[in-house]
Amino acid sequence: MIDGAPLGRRAYDFAAPIEAGFGEAREPVLDRLVVTRAFRRLSGIRFLGGIDYLRVPRPNGRPGSRRYTRYQHSLGVARLALLYCDLKDVRGPERRLVTVAALLHDIGHAPLSHSLEPVFKSAFGIDHHGATEALVTGRVPLGREVHAILKESGIDVERLIAVIGGCEPGHDGFFAGPINFDTIEGILRTQTYERPAPRLASPETVMTAAARRAGEADRIAVDEFWSYKDLVYRSIINAPSGILADAVCQAFMRRHLAAFSAADVLSTEEAVFRKLPGLRPLLRSPGFAREVGTVLDTTIRFRARRFEVDPRGDFFARDDATRYRQSRTESLVLPGAAAGGHPPLPTQNVFDDIAGD
């Protein structure tokens, strides 16, 4: 092993996870799906929504200044699924289904990701789960190419939807359980937004330990990952800055709701920012903590999440529902109180699930 990567593969690269050494191990259908217009759209959707612009205001790509996208995250989740299939000797149609479900699990994410999802849900009755289903079934024009590829590849689309939605048991819980491909990749990716970025186990190391469960080293690796998840929520997602970034995105969209339609859930952030004048400069402003109080007029209520390991759950028997627990507590964040600027905007509860459920 080299830095958590099996010999013959380069170490995990959050910027280009699939390109980091799969070669012939790929399922051919993945190569076809990643070049569709529907999947490429995710390269214009930042991974953490409004939090990305707040935490990384400088040009993307400079040392210490890198944002990621739902496109990169989705490739990473597919990489974990491919490795899982290698470890478990999953072959043929089942391997194809597992890896495609991993690749497409976020294909329906809205611009600004979870930051705007509550408004799309309340105003138009659609969230990223519904948008994903519309794409893979070809019910919307953007999804017709994806749907055709799935049918040509012999993939049962209804079963694919069930796997993506965590409605089908099996696959060692990596789609439906608390320790899943999406969460492993998403939490460890989110942790890289810390400055300085901590040195953590790679997503492949955690996934391999969770799949293998061969000894104490595997237990420690997965338990530590669950502790990382708690830290990520406390320091990034549910931190006051994270809650306010989501809240201000939602408030701007509600103010300009007449400019939106349900179709915008499948647009890009550049298109959405044009409909929300002033939002991007505010998120990028060094004075965000002070200026946000000029556009949010109420206390923000949200569900703070905590994650803990319960030793009563047997790791080796895969009693993950008992061992890897979470709790939610109603919490409050007060916007800044700076005067002037835009008139106050109405706010509602913000969405609290960002880096995988």
Visitor: Please report the closest heavy-atom contact between Asn180 and Gly173, naming both atoms and the distance.
Guide: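 Taking every non-hydrogen atom into account, CB-O, 4.0 Å.
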Visitor: In Å and rounded to the nearest 0.5 Å, what is the CD1 to CD1 distance from Ile237 to Ile51?
Guide: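 If we round to the nearest 0.5 Å, Ile237:CD1 and Ile51:CD1 are 6.5 Å apart.
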Visitor: Hydrogens and angles aside, do Asp52 and Tyr193 bring a side-chain donor and acceptor to less than 3.5 Å of each other?
Guide: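 Per modelled atom types, Asp52 and Tyr193 side chains form a pair under 3.5 Å.
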Visitor: What's the shortest heavy-atom distance between Ala201 and Tyr228, and which atoms?
Guide: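 Closest pair (atom of Ala201, atom of Tyr228, distance): N-OH, 4.2 Å.
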Visitor: Same cluster or not: Ile220 versus Val206, using hydrophobic residues (I, L, V, M, F, W, Y) connected whenever any side-chain heavy atoms lie under 4.5 Å apart?
Guide: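 Different clusters: Ile220 never reaches Val206 through Ile, Leu, Val, Met, Phe, Trp or Tyr contacts under 4.5 Å.
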Visitor: Output the distance between atom CD1 (Ile187) and atom CH2 (Trp226), rounded to the nearest 0.5 Å.
Guide: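 Rounded to the nearest 0.5 Å, the CD1-CH2 separation comes out at 8.5 Å.
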Visitor: Is Ile45 close to Thr69 at the side-chain level, that is, under 4.5 Å between some pair of heavy atoms?
Guide: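 Sidechains of Ile45 and Thr69: no contact.
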Visitor: So, do Thr132 and Leu104 sit near enough that their side-chain heavy atoms are less than 4.5 Å apart?
Guide: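 Result no, sub-4.5 Å side-chain heavy-atom pair not found.
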Visitor: Just say parallel, tilted or perpendicular for the rings of Phe120 and Phe124, cut-offs at 30° and 60°.
Guide: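 Plane angle between 30° and 60°, so tilted.
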Visitor: Would you mind telling me which of Arg213, Arg212, Arg318 makes a salt bridge (Lys or Arg N to Asp or Glu O under 4.0 Å) with Asp218?
Guide: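 With Asp218 as partner, salt bridge (Lys or Arg N to Asp or Glu O under 4.0 Å) holds for just one option, Arg212.
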Visitor: For His129 and Lys121, run side chain to side chain contact (heavy atoms under 4.5 Å, CB included): C-alpha distance rounded to whole Å, both residues' side-chain angles, the deciding distance at 0.1 Å, then the answer.
Guide: CA-CA 11 Å; His129 301 292; Lys121 180 70 172 178; over 6 Å; no
Visitor: Under a 4.5 Å side-chain heavy-atom rule over Ile, Leu, Val, Met, Phe, Trp and Tyr, are Leu296 and Leu332 clustered together?
Guide: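 As far as the 4.5 Å side-chain criterion goes, Leu332 and Leu296 are not connected within one cluster.
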Visitor: Salt bridge check: are Asp319 and Arg312 linked by an N-O gap of less than 4.0 Å?
Guide: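 So Asp319 does not pair with Arg312 through a salt bridge.
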Visitor: Does Arg70 come within less than 4.0 Å of Asp106, counting only side-chain N to carboxylate O?
Guide: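 Judged by the 4.0 Å cut-off on N to carboxylate O distance, Arg70 and Asp106 do form a salt bridge.
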Visitor: Using modelled atom types only, decide if a donor and an acceptor are shared between the side chain of Arg189 and the backbone of Gln72 within a distance under 3.5 Å.
Guide: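 Yes; at least one donor-acceptor contact below 3.5 Å.
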Visitor: Between the side chains of Glu194 and Ser235, does any donor sit under 3.5 Å from an acceptor?
Guide: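 Distance-only check passes for Glu194 and Ser235.
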Visitor: How close do Ala81 and Ala102 get, heavy atom to heavy atom, and via which atoms?
Guide: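 What the structure gives for the nearest pair is CB-CB, 3.5 Å.
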Visitor: Find out whether Leu54 and Phe288 are in side-chain contact, i.e. whether some heavy atom of one side chain is under 4.5 Å from a heavy atom of the other.
Guide: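 Side chain of Leu54 against side chain of Phe288, heavy atoms only: contact under 4.5 Å found.
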Visitor: For the CG atom of Asp127 and the CD atom of Glu133, what is their distance to the nearest 0.5 Å?
Guide: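 That separation rounds to 10.0 Å.
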Visitor: For Ser115 and Asp246, does a side-chain donor sit closer than 3.5 Å to a side-chain acceptor?
Guide: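 The criterion, which ignores hydrogens and geometry beyond distance, is satisfied for Asp246 and Ser115.
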Visitor: Does Ala259 offer a backbone N or O that forms a donor-acceptor pair with the side chain of Lys275 under 3.5 Å?
Guide: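 Indeed, once roles are kept as given, a pair shorter than 3.5 Å links the two residues.
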Visitor: Would you give the length of the straight line joining atom CG of Leu188 to atom CE of Met207, rounded to the nearest 0.5 angstrom?
Guide: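 One finds 12.0 Å between CG of Leu188 and CE of Met207.
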Visitor: Honestly, is Arg325 close enough over Phe307, meaning NZ or CZ under 6.0 Å from the six-membered ring centre and within 45° of the axis?
Guide: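 No.
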Visitor: Counting C-beta onward and ignoring hydrogens, is there a side-chain heavy-atom pair between Tyr84 and Thr99 closer than 4.5 Å?
Guide: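 With C-beta onward as the side chain, the pair stays apart.
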Visitor: Which of parallel (below 30°), tilted (30 to 60°) and perpendicular (above 60°) describes Phe14 and Tyr68?
Guide: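 Tilted: the ring planes of Phe14 and Tyr68 meet at 30° to 60°.
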Visitor: I'd like to check Cys249 versus Leu116 (side-chain heavy atoms, cut-off strictly below 4.5 Å). Are they in contact?
Guide: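 In contact.
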Visitor: Below 6.0 angstrom between ring centroids: does that apply to Phe273 and Tyr53?
Guide: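 For Phe273 and Tyr53, the ring centres are under 6.0 Å apart.
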Visitor: Taking atom types as modelled and ignoring hydrogens, do the side chains of His73 and His105 form a donor-acceptor contact shorter than 3.5 angstrom?
Guide: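 His105 and His73 do have a side-chain donor-acceptor pair below 3.5 Å.
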Visitor: If the threshold is 4.0 Å, N to carboxylate O, is there a salt bridge linking Arg95 and Glu27?
Guide: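 Salt bridge between Arg95 and Glu27, a charged N being under 4.0 Å from a carboxylate O: yes.
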Visitor: Does Arg37, at its CZ atom, have more than 12 non-hydrogen atoms belonging to other residues, nucleotides or ligands within less than 6.0 Å?
Guide: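 Not buried by this count: 12 neighbours or fewer within 6.0 Å.
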Visitor: Indicate the atoms forming the closest heavy-atom contact of Gly50 with Leu112, along with that distance.
Guide: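 Heavy-atom minimum between the residues: N-CD2, 3.9 Å.
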Visitor: Is there a side-chain contact between Arg303 and Thr329, using heavy atoms and a 4.5 Å cut-off?
Guide: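 In short, these two side chains do not touch, never coming nearer than 4.5 Å.
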Visitor: Can you tell me if Ser202 and Thr205 form a side-chain donor-acceptor pair at under 3.5 Å?
Guide: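 Indeed, the side chains of Ser202 and Thr205 share at least one donor-acceptor pair under 3.5 Å.
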Visitor: I'd like to know if the side chain of Arg328 and the backbone of Arg306 have a donor-acceptor N/O pair within less than 3.5 Å.
Guide: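 Such a contact is absent between Arg328 side chain and Arg306 backbone.
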Visitor: Which residue pairs pass the side chain to side chain donor-acceptor pair (under 3.5 Å) test when at least one of the two sits in residues 146-164, sequence neighbours left out?
Guide: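 Of all non-adjacent pairs touching residues 146-164, those that pass side chain to side chain donor-acceptor pair (under 3.5 Å) are Arg32-Glu152, Glu94-Arg159, Arg159-Glu168.
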Visitor: Run the salt-bridge test on Arg79 and Glu204 with the 4.0 Å N-O cut-off and return the result as yes or no.
Guide: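 Yes, charged N to carboxylate O under 4.0 Å.
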Visitor: For the pair Val146 and Leu135, evaluate side chain to side chain contact (heavy atoms under 4.5 Å, CB included) and give the outcome as yes or no after the intermediate values.
Guide: CA-CA 7 Å; Val146 170; Leu135 287 168; 5.8 Å; no
Visitor: Is any side-chain N of the basic residue among Glu269 and Arg274 closer than 4.0 Å to the acidic one's carboxylate O?
Guide: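 Looking at Arg274 together with Glu269, the answer is no, because their closest N to O distance does not fall below 4.0 Å.
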Visitor: Look at Lys88 together with Asp172 and state whether they make a salt bridge at an N to O cut-off of under 4.0 Å.
Guide: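 Yes, Lys88 and Asp172 are salt-bridged.
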Visitor: Quick one, Val272 with Phe260, criterion side chain to side chain contact (heavy atoms under 4.5 Å, CB included). Give me CA distance, side-chain angles, the key distance, then yes/no.
Guide: CA-CA 9 Å; Val272 162; Phe260 285 84; 4.1 Å; yes
Visitor: Restricting to side-chain hydrogen bond (donor to acceptor under 3.5 Å, both in side chains), what partner residues turn up for Arg323, sequence neighbours left out?
Guide: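 Only Asp223 meet the side-chain hydrogen bond (donor to acceptor under 3.5 Å, both in side chains) criterion with Arg323.
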Visitor: Angle class for the Tyr71/Phe39 ring planes (parallel below 30°, perpendicular above 60°, tilted otherwise)?
Guide: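 Plane angle between 30° and 60°, so tilted.
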Visitor: What heavy-atom pair brings Pro311 and Val309 nearest, and what distance separates the two atoms?
Guide: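 Between these two residues, the closest heavy atoms are CD-O, 3.5 Å.
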Visitor: Side chains of Asp230 and Ser227: donor-acceptor distance under 3.5 Å anywhere?
Guide: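 There is no such pair (donor and acceptor under 3.5 Å, judged by atom type) between the side chains of Asp230 and Ser227.
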Visitor: Quick check: do Leu30 and Leu82 have side-chain heavy atoms less than 4.5 Å from each other?
Guide: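 Yes, side chains in contact.
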Visitor: Looking at Val136 and Leu150, what are the two nearest heavy atoms and their distance?
Guide: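 Looking at all heavy atoms of both residues, the closest pair is O-CD1, 3.8 Å.
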Visitor: For Gln191 and Leu231: C-alpha separation, side-chain torsions, deciding distance, then whether side chain to side chain contact (heavy atoms under 4.5 Å, CB included) applies.
Guide: CA-CA 8 Å; Gln191 190 72 334; Leu231 179 62; 3.2 Å; yes
Visitor: Is Asn238 reaching over with its side chain to a backbone N or O of Arg305, donor-acceptor style, under 3.5 angstrom?
Guide: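 A pair under 3.5 Å: yes.
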Visitor: Begin from the C-alpha positions of Glu185 and Tyr12 and carry the test side chain to side chain donor-acceptor pair (under 3.5 Å) through to its verdict.
Guide: CA-CA 11 Å; Glu185 213 285 343; Tyr12 197 93; 2.6 Å; yes
Visitor: Measure the NE2-CD distance between His114 and Glu117 for me, rounded to the nearest 0.5 Å.
Guide: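 The NE2 atom of His114 sits 6.0 Å away from the CD atom of Glu117.
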Visitor: Check whether any side-chain heavy atom of Val29 lies under 4.5 Å from a side-chain heavy atom of Arg96, and answer yes or no.
Guide: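 They are in side-chain contact.
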Visitor: Applying side chain to side chain donor-acceptor pair (under 3.5 Å) to Ser285 and Glu291, what does each step give before you reach the verdict?
Guide: CA-CA 8 Å; Ser285 172; Glu291 296 167 17; 3.0 Å; yes
Visitor: Nearest 0.5 angstrom please: Thr183 OG1 to Tyr324 OH, how far?
Guide: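 Those atoms lie 13.0 Å apart.
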